[in-house]
Amino acid sequence: LDANGFYCEATSFVIASGSTYLLGVLNSRLMDYLVAETSAQLRGDYSRWKRIYVAPLPIHEADASDPIGCAHHARIEELVEDMLVLHQQLGADDAVEGHQSLLDEIRATDGQIDAQVYELYGLSPREIEIIEAARHN
């Protein structure tokens, strides 16, 4: 999320949105898995996050008649806000001990976002296991 109005110097892919919810969902393991399964892979096993691969992603929209979905939506936004603060702190932290603690908090928050996305999309334990295993290959 660019809150400072930076310019891209090299090839970059940008989504013009300030939505912390969208940021959380797109950075989730679920979306990473879906893009990896459908996009061209680059050297180092990286996915190409081009429009052709991102546009068809099933982004769950909040529906006021679905209080559970709205709760997940709000929780993802809260966790992403927490993640942004943690990354700001990480960038400003020079202490080795504090650095590892922040990395642990970032990892934990990332896991919480993934858990919210898995629940929001109604994934089964087996589906989650497949996605988690694919990330470690």
Side-chain angles (χ1 to χ4, degrees):
L1 180 66
D2 173 22
N4 298 314
F6 289 114
Y7 290 93
C8 301
E9 179 184 57
T11 302
S12 299
F13 303 102
V14 177
I15 297 173
S17 171
S19 169
T20 52
Y21 168 75
L22 182 60
L23 181 64
V25 171
L26 287 176
N27 280 282
S28 70
R29 287 186 181 200
L30 173 59
M31 294 302 155
D32 185 56
Y33 175 81
L34 293 174
V35 170
E37 290 295 310
T38 60
S39 76
Q41 297 297 298
L42 301 173
R43 189 174 2 151
D45 210 25
Y46 292 98
S47 302
R48 295 194 67 142
W49 282 73
K50 294 178 83 170
R51 185 180 198 282
I52 190 171
Y53 307 117
V54 175
L57 290 175
I59 304 301
H60 187 280
E61 296 292 329
D63 178 357
S65 67
D66 176 15
I68 295 172
C70 285
H72 286 300
H73 190 283
R75 183 66 180 137
I76 289 168
E77 287 180 328
E78 290 171 11
L79 289 166
V80 170
E81 292 291 338
D82 291 347
M83 183 71 87
L84 292 171
V85 169
L86 288 168
H87 277 281
Q88 283 178 337
Q89 292 172 349
L90 183 66
D93 184 53
D94 293 330
V96 174
E97 290 176 24
H99 186 81
Q100 186 57 51
S101 175
L102 285 170
L103 289 174
D104 292 343
E105 280 189 73
I106 287 169
R107 231 174 269 112
T109 304
D110 196 34
Q112 291 175 27
I113 293 169
D114 287 332
Q116 289 294 317
V117 171
Y118 293 153
E119 286 185 42
L120 181 66
Y121 283 80
L123 271 62
S124 71
R126 178 67 183 133
E127 290 168 327
I128 294 169
E129 183 180 303
I130 291 167
I131 291 167
E132 295 288 326
R135 180 112 187 225
H136 299 294
N137 288 339

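In what follows, residues are counted from 1 in the order of the sequence shown. Model, not experiment: these values are computed from the prediction.
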Checklist entry - Considering residues at least two apart in sequence or located in another chain, which fulfil the salt bridge (Lys or Arg N to Asp or Glu O under 4.0 Å) criterion with R126? => result E129
Item to check | Partner set under side chain to side chain contact (heavy atoms under 4.5 Å, CB included) for E105, not counting sequence neighbours | outcome: L86, S101, L102
Item to check | Steps toward side-chain contact (heavy atoms from CB on, under 4.5 Å) verdict (N27, I113) | outcome: CA-CA 9 Å; N27 280 282; I113 293 169; over 6 Å; no
Checklist entry - Taking C-beta and beyond as the side chain, do I68 and H72 meet within less than 4.5 Å on heavy atoms? => result yes
Checklist outcome for this item: NE2 (H87) and CG (L103) are apart, to the nearest 0.5 Å, by 8.5 Å
Next on the checklist: Just verifying a value: how many Å separate L22 CG and E61 CD, rounded to the nearest 0.5 Å?
Outcome noted: 8.5 Å
Checklist entry - Using a distance-only test with no angle check, is there a side-chain donor-acceptor pair under 3.5 angstrom linking Y118 and E132? => result yes
Next on the checklist: Let's go through Y121 and Q116 carefully: what are the C-alpha distance in whole Å and the side-chain angles of both, what is the deciding distance for side-chain contact (heavy atoms from CB on, under 4.5 Å) to 0.1 Å, and is it a yes or a no?
Outcome noted: CA-CA 9 Å; Y121 283 80; Q116 289 294 317; over 6 Å; no
Checklist entry - For P58 and L34, which heavy atoms make the closest approach, and how far apart are they? => result CD-CD1, 4.0 Å
Next on the checklist: Between L30 and I130, is there shared hydrophobic-cluster membership here, with clusters defined by ILVMFWY side-chain heavy atoms closer than 4.5 Å?
Outcome noted: yes
Checklist entry - Can you name the side-chain hydrogen bond (donor to acceptor under 3.5 Å, both in side chains) partners of Y53, sequence neighbours left out? => result none
Item to check | Test side chain to side chain contact (heavy atoms under 4.5 Å, CB included) applied to H73 - qualifying residues, sequence neighbours left out | outcome: Y21, A62, E77
Next on the checklist: E78: which residues meet the salt bridge (Lys or Arg N to Asp or Glu O under 4.0 Å) condition with it, sequence neighbours left out?
Outcome noted: R75
Checklist entry - Does D114 use its side chain to pair, donor to acceptor, with the backbone of S28 at less than 3.5 Å? => result no
Next on the checklist: Keeping D110 on the side-chain end and I106 on the backbone end, is there a donor-acceptor pair under 3.5 Å?
Outcome noted: no
Item to check | Atom CG of L57: over 12 foreign heavy atoms under 6.0 Å | outcome: yes
Checklist entry - Any side-chain heavy atom of S19 within less than 4.5 Å of one from V25? => result no
Checklist entry - Under the side chain to side chain contact (heavy atoms under 4.5 Å, CB included) test, which residues partner E127, sequence neighbours left out? => result L123, S124
Next on the checklist: The criterion is side chain to side chain contact (heavy atoms under 4.5 Å, CB included); which residues satisfy it with E81, sequence neighbours excluded?
Outcome noted: T20, L84
Next on the checklist: Measuring only between side-chain heavy atoms, which start at C-beta, is I59 closer than 4.5 Å to L26?
Outcome noted: yes
Item to check | Results of salt bridge (Lys or Arg N to Asp or Glu O under 4.0 Å) for D104 - residues two or more places apart only | outcome: R107
